[in-house]
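Quick note on labels: first sequence line is chain A, next is B, and so on, each numbered from 1. These figures come from a predicted structure and were not determined experimentally.
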Amino acid sequence: MTFLNKVNSRQLEAIKAVQGPVIIVAGPGSGKTRVLTYRIAYLISIGVPAYQLLALTFTNKAANEMKERITQQVGEKSKQLWMGTFHSIFARLLRIEADRLGFGKNFSIYDTQDRLRLIQSIMNDLHIPSQQYNPQAVMYRISRAKNQVILPEEYASQSLDLFEEKTAKIYAEYVRRLKLNNAMDFDDLLIKPIELFNHHKKILESYQERFRFILIDEYQDTNRAQYVLLKLLAEKYKNICVVGDDAQSIYGFRGADIRNILEFTRDYPEAKIIHLEQNYRSTRAILSAADQVIKKNVNQIPKNLWTENLDGEPITILECVDDKSEGEAIVRNIFREVERLKIQFKDIAIMYRTNAQSRTLEDVLRKNTIPYAIIGGIEFYQRKEVKDVLAYFRLLVNPQDDESFLRIVNYPNRGIGEVAVRHLRNFASTNSQSLSVAISSADQINGPAKKAKTGMINLSSMFEKYRKLKNELSMSELSRALVDELGILNLFKEEGTPEAMARRENVHELLSAISEFAAEQPNATLESFLQEVSLVADVDEWDNEFNAVTLMTLHSAKGLEFPIVFITGLEEGLLPYYNSSLDTVELEEERRLFYVGITRTMNKLFLSWEDIIHNR
DNA sequence: TTCGAACGGCTTTTT
DNA sequence: GCCGTTCGAA
């Protein structure tokens, strides 16, 4: 265990305290990842079987990196580790146990877009006007309720106003429809396991036995559902180790409950508390700036960060007239720093509060031929054309998935319009069939026009054909054949606009992603591919080998570090983000977000803003 | 009945 | 800048 002499005494303590509950309060740059990695390697090296470890991280990227490092320490044993994001780990568990919950193992996973569409269609059916009740707000409330493990009945009994009453109705129908579609949303991936464990004590016990040692990274960003889930799993052995920093809790909007970390010792009074306060990442100047910011927050665990690093260079403030000149000032400084410090573009990151801010920055960077990589924005797997093609695959895997069906029933155009779809839906619901099953009886459906009927019959025989082919072709052949038959690549080509060509390129890229996936994993299936892509984050895709400046939101920056950092748009209203109901709690979260940004910096920090009032 | 063009509204952060 | 809605043409 040679790795154990590469750490300081506090870190060593954190690595070796493997029995019982432990909370590690780890400041930025304090070697948190190192501790987690070594802790797992240590557990394995003292004889704990790797399959008894459950390690939950915030991003897949973090999980993969850690897994790699653990493999270096302990070898192939690490393969048996259950390590990943909450969502991917519990999706995996649900694939195994789905039938106990009345779901098929091939369930679809709905992302935000799919959920919104489903909610809109439910509101239509229930005659709830979307002008009066914003579907997004409804979706947000439902998600909120789920995060807090509040089921429809309870939600209905607590609703205080008309909006909540309507939401309660929609919520109940939403749950019913998801089940009919054999689909789960992101929140279900957390609350369905709770449901499973509550109703099947035996299964809970078997997982308690299995996961004797549980580790959770970024604990400050867990929500109520995750908390309940962990509590259930750790109940028997109580070997639960949480790592986090309340000062870096920035996902309140997603239901993260900072109380989880603040009150850990209340749930586990015997918990060992370990503080990691020595920072190895940043210069003294940067750390002190971060400290000045965060100490304004009232609600936090007191801590005292320190470093042996040098003072370093002072922070530079760039005051600009508008966003364009802000971009230009950043570019000037990038060139100067690259020259002066002999660094590369990949050592630099530009951060902002909202994705929309990346536009102007991109323009300026492109003009100056500085290579850049963007994390976030419109994600690849969210693009319309990609989602459309994926919807066909989802339907092949899960024929009950009516949402995916509705997405592609008339894409590309088959002359099946709104009215024809209504007829089909009526037919399907009177026969309690899913839409993709119902369409195979297209010739028996009365109502639709001739054109629509032909389209339906064609679509139905196409499904039949590919359902057969699915067993005969490899996933990569199958996907190519399907896209070919759809003819969308040619449609884009005929259209010829730059947008259409970009879409064409995206579909190509999707096909190569499938081939690549199949090549990397010998027993890859369409199912596993779909699961993978529905749970990837943008940060996961980020490749730090490529020599480019990284652009991203402050949220995505969590867990990363860069020698040079620019934080842009430091204006009232943008950072902190202006929101009519910005209260103290939210303001503190904005402050933590800024804190996260500052503490990503190793050597030199630039802060930029537009002085609109004085410069106009 | 379907489809494409034009218009207006809104827009935080993400697994 | 993106999405849904509306409206007119085929």
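Ranking B/dT12, B/dT15, B/dT13 by closeness to the A/R254 side chain, first place goes to B/dT15. Relative to the side chain of A/V419, the nucleotides B/dT1, B/dT13, C/dG1 differ in distance, and B/dT1 lies closest. Proximity note for A/T354 (side chain, C-beta onward) versus B/dT14, C/dG4, B/dT12: the nearest is B/dT12. In this structure, the nucleotide among B/dT2, B/dT14, B/dT15 sitting nearest to the side chain of A/T85 is B/dT15. Comparing B/dT12, B/dT15, B/dT14 by their closest approach to the side chain of A/Y251 singles out B/dT14. For A/Q120, the listed nucleotide lying nearest its side chain is C/dG4; candidates were C/dG4, B/dT15, B/dT2.
Between the CD atom of A/E218 and the P atom of B/dT13 there is a distance of 19 Å, rounded to whole Å. Taking atom CD of A/Q357 as the reference point, atom C1' of C/dG1 lies 14 Å away to the nearest angstrom. What separates NZ of A/K61 from P of B/dT15 is a distance of 13 Å, to the nearest Å.
Side-chain contact annotation: A/D188 with A/Y110, donor-acceptor N/O pair under 3.5 Å absent.
Remark: A/H423 pairs with A/V419, A/I445, A/P448 by the side-chain contact (heavy atoms from CB on, under 4.5 Å) rule, at least two apart or across chains. For A/R359, there are no salt bridge (charged side-chain N to carboxylate O under 4.0 Å, His left out) partners two or more places apart in sequence or in a different chain. For A/F562, the ring-ring contact (aromatic ring centres under 6.0 Å, His included) partners are A/W542, not counting sequence neighbours. Qualifying ring-ring contact (aromatic ring centres under 6.0 Å, His included) partners for A/F517, counting only residues two or more places apart in sequence or in other chains: A/F529. Remark: A/E418 engages A/R422 in a side-chain contact (heavy atoms from CB on, under 4.5 Å) (not counting sequence neighbours). Residues meeting the ring-ring contact (aromatic ring centres under 6.0 Å, His included) test with A/F594, sequence neighbours left out: none.
Paired regions of DNA chain C, where each region holds three or more successive Watson-Crick or G-U pairs whose two hydrogen-bonding distances fall under 3.5 Å, are B:1-9 with C:2-10.
Contact annotation for A/S88: no contact, since no heavy-atom pair falls under 4.0 Å across all strands. Nucleic acid contact for A/E589: none, since no nucleic acid atom lies under 4.0 Å from a heavy atom of the residue.
Remark: A/N355 is in phosphate contact with B/dT14, judged by side-chain N or O atoms under 4.0 Å from OP1 or OP2. Listed pair A/T553 / B/dT12 fails the phosphate criterion, with no side-chain N or O lying under 4.0 Å from OP1 or OP2.
By the criterion of a centre-to-centre distance under 5.5 Å and near-parallel planes under 30°, the ring of A/F253 forms a stack with the base of B/dT13.
The pair A/K324-A/D322 fails the salt-bridge criterion, with no side-chain N (NZ, NE, NH1 or NH2) lying under 4.0 Å from an Asp/Glu carboxylate O.
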Write down the protein N/O and nucleotide N/O pairs, taken from nucleotides 3-7 of chain B, whose separation is under 3.5 Å; answer none if there are no such pairs.
from	atom 1	to	atom 2	distance (Å)
B/dC3	OP1	A/G415	N	3.3
B/dC3	OP2	A/N410	ND2	2.7
B/dG4	OP1	A/N413	ND2	3.4

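Applying the salt bridge (Lys or Arg N to Asp or Glu O under 4.0 Å) test to residues at least two apart or on different chains, none of the pairs has a partner in residues 247-256 of chain A.
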